[in-house]
Asker: 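Before we start, here is the structure in question, set down as structure tokens.
Proteins get letters first, then strands, A, B, ... in listed order; numbering begins at 1 in each. Keep in mind the model is a prediction, meaning the values are calculated, not measured.
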There are 2 protein chains.
Amino acid sequence: MEAKPRPDALPLPTIRRYPVYLRAVRARRARGEANVSSAALAAELGLDPVLVRKDLAMSGVAGKPRVGHSSAALEAALEAALGWDNVSDAALVGAGSLGRALLGYRGFREQGLSIAVAFDGDPALDGLEIRGVRVRPMKDLVRLVRRLSLRLGILTVPEEAAQACADLLVAAGVRGIWNFAPVQLDVPPGVVVQNMDLAQSLAVLSHSLETAAIPSPARARRP
Amino acid sequence: MEAKPRPDALPLPTIRRYPVYLRAVRARRARGEANVSSAALAAELGLDPVLVRKDLAMSGVAGKPRVGHSSAALEAALEAALGWDNVSDAALVGAGSLGRALLGYRGFREQGLSIAVAFDGDPALDGLEIRGVRVRPMKDLVRLVRRLSLRLGILTVPEEAAQACADLLVAAGVRGIWNFAPVQLDVPPGVVVQNMDLAQSLAVLSHSLETAAIPSPARARRP
DNA sequence: CTCAATACGATATAAAAATATCGATATAAA
DNA sequence: TTTATATCGATATTTTTATATCGTATTGAG
């Protein structure tokens, strides 16, 4: 129970880099490149070649010396590792400006994500269709999410409402919450929360600006 | 007041946690708590108490046993470390749905950020005022940004346009770019780029969901 | 006034991640 | 063929980050 048998033990930083690799691989494949070398990827992305090689090796696809990795195999393996190989439907809670921006983002399809339904507490929005997605009142949330068997919730409500909405999503049976509100959500075990905090990202940037010309840890410039 | 011999050698993860601490401290101070203990913060945020104590210690404010840290001093120190103590003006490039969402986000003020002007390539938007911010055509970017001495650019354009817009911002003299486009920007040394990549965040979430009920590395369950 | 409990500070250990190094192998050029 | 070289794969080292432990100071209760 407390043992970790072996649940795809990919390091977290590696997972975070996978979407970046995936985009680059897709672009190269679209350009007709049948093979991709870790060195070329590293150069393109400004990363250490050894790091890229190790990350790619963990995806399970082997590379051939002097050739690289099969770009088709790589793409499939990265998608599988991320769980992006089959589209999963999500519920969006909060149809404010941020919620609408997400509804309008086409890139989600390439990331195995599709927003099936949206909810908002504002009665004025009830029934409205935004980018092909219908907005429903909050009182229908639990019932609808459960009926559609949605496993993922996207939370784009003001921070005061965040915890209450999270509770509803949990009650409806979602297993993951993508949280855009700057709040630490309290959820039962088994439910995964991933925070998307603008402030955290901005913090790194403004601190870097403050401390003048330090060699930025996020980006290395080298010849 | 002078308790800061070493201005800036903060670890990156610490910086990322600072906004979280800052929010909690502000909330407690608003509730009238003159002092905050690291243990209480740790409990509230689900973090290890030792970690919080170390992070706070690095801000330079000392705490007193049995009492905690002065919440006013903490707030000031955290803001200073983040460079959020004085508001800096930014230019937003790309007044699409995401750009508008950011324009409408009031929280930026508390994070020392104010959007002074927006730019968009769509002539239809020229002259429009969104949330009190005027939208200007791209051709005016370099001139206007330079005249306003803006040091920060926020990039919310489609990925095809991202690099070109970044080049304009650099030409206009910005020192930092907050990049919402899923592209690795190429900028000269001295310019800091902070990527805000939805895909990277989503990756962690969907991978966690895939690998079922592993003890999530991102969140610890507290009592 | 004494004592116990709380919370800080410092040091030590462990875990995780990034980086460096070396050898092996397949391809392309000579 | 032979040889040079790009590239993978594995191991080792260093660096960074997180956790654990201990000591000490301050407060509040008895």
Asker: Starting at NZ of A:K64 and ending at P of D:dA6, how long is that distance when rounded to a whole Å?
Answerer: 19 Å
Asker: Taking only N and O in the side chain of B:S38, is any of them less than 4.0 Å away from OP1 or OP2 of C:dC8?
Answerer: yes
Asker: Using a heavy-atom cut-off of under 4.0 Å over every strand shown, decide if A:T14 touches base, sugar-phosphate, or nothing.
Answerer: nothing
Asker: Taking the side chain of B:V67 as its heavy atoms from C-beta onward, which of D:dT27, C:dT19, D:dC8 lies nearest to it?
Answerer: D:dT27
Asker: Indicate, with a heavy-atom threshold strictly under 4.0 Å, whether A:A62 touches base, sugar-phosphate, or nothing.
Answerer: sugar-phosphate
Asker: Whole Å only: how far is the CG atom of A:L10 from the C1' atom of C:dA16?
Answerer: 14 Å
Asker: Assess whether a salt bridge exists between B:D197 and A:R23, defined as any Lys/Arg side-chain N lying under 4.0 Å from an Asp/Glu carboxylate O.
Answerer: yes
Asker: Write down the distance between CG (A:D48) and C1' (D:dT14), rounded to a whole number of angstrom.
Answerer: 13 Å
Asker: Please report, rounded to the nearest Å, how far the C1' atom of C:dG9 is from the CG atom of B:L51.
Answerer: 15 Å
Asker: Between C:dT27, D:dA18, C:dC8, which nucleotide gets closest to the side-chain atoms of B:P13?
Answerer: D:dA18
Asker: A:V50 or A:P65: which one's nearest nucleotide on DNA chain D is closer to the 5' end?
Answerer: A:P65
Asker: Would you mind reading off the distance between B:M58 atom CE and C:dA10 atom C1', rounded to a whole angstrom?
Answerer: 13 Å
Asker: Kindly check if the number of other-residue, nucleotide or ligand heavy atoms within 6.0 Å of CZ (A:R106) is above 12?
Answerer: no
Asker: Take the protein atom CG of A:L56 and the nucleotide atom C1' of D:dG9, then report the distance between them rounded to whole Å.
Answerer: 12 Å
Asker: Please give, in whole Å, the distance from C:dA18 P to B:L12 CG?
Answerer: 12 Å
Asker: Would a 4.5 Å heavy-atom cut-off, applied to side chains only, mark B:P188 and B:V170 as touching?
Answerer: yes
Asker: Can a donor-acceptor pair be found, under 3.5 Å and without considering hydrogens, that links the side chain of A:T156 to the backbone of A:G94?
Answerer: yes
Asker: Please map the stems of DNA chain C, keeping only stretches of three or more Watson-Crick or G-U wobble pairs with both distances under 3.5 angstrom.
Answerer: C:1-30 with D:1-30
Asker: Under the criterion side-chain contact (heavy atoms from CB on, under 4.5 Å), which of A:I115, A:L103, A:L98, A:V93 is the partner of A:I154?
Answerer: A:I115
Asker: Can you tell me which nucleotide in C:dA26, C:dA17, D:dT17 comes closest to the side chain of B:P11?
Answerer: D:dT17
Asker: Cut-off 3.5 Å, side chains only: do A:D55 and A:Y18 have a donor facing an acceptor?
Answerer: no
Asker: Before accepting this row, confirm whether a basic side-chain N of the pair A:R28/A:E44 lies closer than 4.0 Å to the acidic partner's carboxylate O.
Answerer: yes
Asker: Which whole-number value in Å describes the distance from A:R53 CZ to C:dC22 P?
Answerer: 14 Å
Asker: NA contact type, A:R17, heavy-atom cut-off 4.0 Å: base, sugar-phosphate, or nothing?
Answerer: sugar-phosphate
Asker: Given D:dT27, D:dT19, C:dT27, which nucleotide is nearest the side-chain atoms of B:K54?
Answerer: D:dT19
Asker: Do B:Q194 and B:N179 touch side chain to side chain, with heavy atoms closer than 4.5 Å?
Answerer: no
Asker: From the options D:dT5, D:dC8, D:dT19, select the nucleotide whose nearest atom is closest to the side chain of A:R66.
Answerer: D:dT5
Asker: Hey, which of these two, B:S37 or A:D55, hits DNA chain C nearer its 5' end, going by closest nucleotide?
Answerer: B:S37
